[in-house]
Amino acid sequence: MKALHFTGNKTFDLQEVDHQPVLPGEVRLKVAYCGVCGTDVHIYHGAMAQRLSLPQVIGHEVSGEIDAVGEGVTGWQPGDRVTVRPLKPGTEMPVDNGVRHIGQNLKFIGIDTPGGMQQYWNVPAYTLHRLPDQLPLPIGALIEPLAVACHDVRLGDVKPGENVVIIGGGPIGMLVALVAQQKGANVLISEVNPTRLQLAESLKLATVNPKETDLVARVEEFTGGAMADVVFEVSGVQAGVAAMTSLARVRGRIVMVAIHAEPKAVDLFRFFWRELKLIGARVYEPEDFEEAIALAASASLPLDALITQVSPLADAQAVFETIDNNPAGMKYLLQCDV
């Protein structure tokens with residue numbers, strides 16, 4: 001079988017390797033598609049090196065079929081179409097407060113352990129979610145990022161008729177916008193990239209370019225002076241953090257979706273003045289995957305429009321280089337079964 005190994009220094013090496021034995025409690029997947037996540041791009045740039053054992057297979061946005069089932073696995077059989085919730089919770093600690101999906105001993109499959117950019121992939125059976133027969137496998141590879149968006153919107157407690165502002169129109173920001181819109185919210189995306197703004201507008205989402213238009217004034221206009229019930233910070237930059245507190249109404253909610261590796265300046269006075277709430281949102285829980293699968297299967301979201309490019313696994317090096325040179329792109333998929 002072929003497996004794509006990240007060797008460091010922005011370099012991938014496609015190698016012929018042996019199948020790994022299927023251990024008790026595991027299944028072997030025949031991987032169909034693996035999406036390239038922003039986290040994968042960060043790894044490509046040298047981030048999170050302390051979590052990798054180079055050379056290592058990365059990737060976690062996967063769809064495929066079960067190829068083999070290990071001892072003790074029930075409810076699954078070869079041929080089942082699945083996606084993977086790539087979390088190993090580990091031993092629960094008191095500090096976890098019973099919230100296993102972000103526990104202290106969490107291992108993220110595809111970062112802390114080998115991932116899905118290979119033709120066959122062994123994973124714990126408890127990570128599997130079943131894909132409906134009518135759901136195309138390329139769309140199945142979008143379930144993981146869509147589950148992120150479902151989790152974010154759920155924690156933000158978005159309600160029909162509420163005004164929602166998304167700061168950052170990348171893949172996750174766009175998915176958050178689509179899920180919030182599907183919930184009945186009025187959604188405005190703030191984004192600086194013209195191509196992404198054009199895509200959002202084609203998907204019937206209201207937009208603003210904060211480099212060209214006063215963002216606070218645009219949100220005031222969009223909401224009839226009420227300002228946002230919920231603000232999602234998905235940009236990951238200081239400008240987004242600086243803006244978020246100016247956009248929320250009294251007792252509004254701000255959901256922190258982006259990963260800010262370094263401390264950022266935050267206007268705490270506005271939290272006091274308007275009694276705002278700041279909510280952290282990280283990865284997902286099983287119900288978010290099930291909601292994402294149901295949404296995708298219903299065809300109520302234009303997920304096809306978010307797929308920028310599908311390439312064979314052998315072209316992964318060129319794909320990552322393209323992503324570096326094309327920040328306007330959305331979801332890039334690697335086809336692993338060719």
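By convention here, the first residue in the shown sequence is residue 1. These values consider heavy atoms only, across backbone and side chains, with no hydrogens, waters or symmetry-generated copies.
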Given the options Val84, Thr83, Val82, Val27, Thr127 meets side chain to side chain contact (heavy atoms under 4.5 Å, CB included) only with Val84
Nearest heavy-atom approach of Lys159 to Asp157 is NZ-OD2, 2.7 Å
Review item, side-chain donor-acceptor pairs of residues 58-66, under 3.5 Å, at least two apart:
unit_1: Glu61; atom_1: OE1; unit_2: Lys331; atom_2: NZ; d: 2.8
unit_1: Glu61; atom_1: OE2; unit_2: Lys331; atom_2: NZ; d: 3.2
unit_1: Ser63; atom_1: OG; unit_2: Leu137; atom_2: O; d: 2.7

- Message: Quiz question: by atom type and distance under 3.5 Å, do the side chains of Gln335 and Asp337 form a donor-acceptor pair?
- Response: yes
Besides Phe272, the hydrophobic cluster formed by Ile, Leu, Val, Met, Phe, Trp and Tyr side chains linked at under 4.5 Å, directly or via other members, contains Phe269, Trp273
Quick note, ring pair (Phe, Tyr, Trp, His ring centres under 6.0 Å) partners involving residues 155-189, not counting sequence neighbours, are none
Exercise. Does atom CD of Gln198 have more than 12 heavy-atom neighbours from other groups under 6.0 Å away?
Worked result: no
* Asked: Any donor and acceptor pair, going by atom type alone, linking the side chain of Asn326 with main-chain N or O of Ile323 inside 3.5 Å?
  -> no
The reported gap from CD1 in Ile166 to OG in Ser190 (rounded to nearest 0.5 angstrom) is 10.0 Å
So the side-chain hydrogen bond (donor to acceptor under 3.5 Å, both in side chains) pairs with at least one residue in residues 102-114 (sequence neighbours excluded) are Arg51-Asp112
Can you tell me if Asp80 uses its side chain to pair, donor with acceptor, with the backbone of Gln77 under 3.5 Å?
yes
Asp13 versus Gln15, side-chain donor and acceptor atoms under 3.5 Å: yes
d(Phe320 CZ, Thr322 OG1) to nearest 0.5 Å is 11.0 Å
Applied to residues 283-319, the ring pair (Phe, Tyr, Trp, His ring centres under 6.0 Å) test, sequence neighbours excluded, yields His129-Phe289, Tyr284-Phe289
Glu16 meets the salt bridge (Lys or Arg N to Asp or Glu O under 4.0 Å) criterion, sequence neighbours left out, with Lys2
For the pair Arg196 (side chain) and Glu191 (backbone), establish whether a donor and an acceptor sit closer than 3.5 Å, ignoring hydrogens and angles.
-> no
Excluding Leu278, membership of its hydrophobic cluster (Ile, Leu, Val, Met, Phe, Trp, Tyr; side-chain heavy atoms within less than 4.5 Å) reads Val165, Ile167, Leu188, Val208, Leu215, Val216, Val219, Phe222, Met227, Val231, Val241, Met244, Leu247, Ile254, Met256, Val266, Leu268, Phe271, Leu276
**OP:** Could you walk me through whether Glu285 and Arg100 pass salt bridge (Lys or Arg N to Asp or Glu O under 4.0 Å), step by step?
**Re:** CA-CA 9 Å; Glu285 296 174 86; Arg100 300 286 313 285; over 6 Å; no
Any side-chain to backbone donor/acceptor pair from Thr7 onto Thr11? Under 3.5 Å, distance only. yes
Residue pairs passing the side-chain hydrogen bond (donor to acceptor under 3.5 Å, both in side chains) test with at least one member in residues 17-38, sequence neighbours excluded, are Arg28-Asp67
(message) Quick check against the 3.5 Å criterion: does Arg81 have a side-chain atom that pairs as donor or acceptor with the backbone of Leu135?
(response) yes
Handout entry: Heavy atoms of other groups near His45 NE2, more than 12 under 6.0 Å
Key = yes
Is the shortest side-chain N to carboxylate O distance from Glu291 to Lys183 below 4.0 Å?
-> yes
Residues 135-171 vs ring pair (Phe, Tyr, Trp, His ring centres under 6.0 Å), sequence neighbours excluded, gives His101-His151
The complete set of ring pair (Phe, Tyr, Trp, His ring centres under 6.0 Å) pairs with one or both residues in residues 187-216, sequence neighbours excluded, reads none
Tracing side-chain contacts under 4.5 Å among Ile, Leu, Val, Met, Phe, Trp and Tyr outward from Val17 reaches Met1, Tyr120
Notebook entry, point to check: CD of Gln134: more than 12 outside heavy atoms within 6.0 angstrom?
Noted result: yes
Output for pair (Leu14 CG, Gln118 CD), nearest 0.5 Å, gives 10.5 Å
Within the distance-only criterion (no hydrogens, no angle test), does the side chain of Ser298 pair as donor or acceptor with the backbone N or O of Ala296 below 3.5 angstrom? no
### Query
Is any side-chain heavy atom of Leu306 closer than 4.5 Å to a side-chain heavy atom of Leu178?
yes
Are side-chain N/O atoms of Glu233 and His260 paired as donor and acceptor at under 3.5 Å?
yes
Members sharing Leu23's hydrophobic cluster, built from side-chain contacts under 4.5 Å between Ile, Leu, Val, Met, Phe, Trp and Tyr, are none
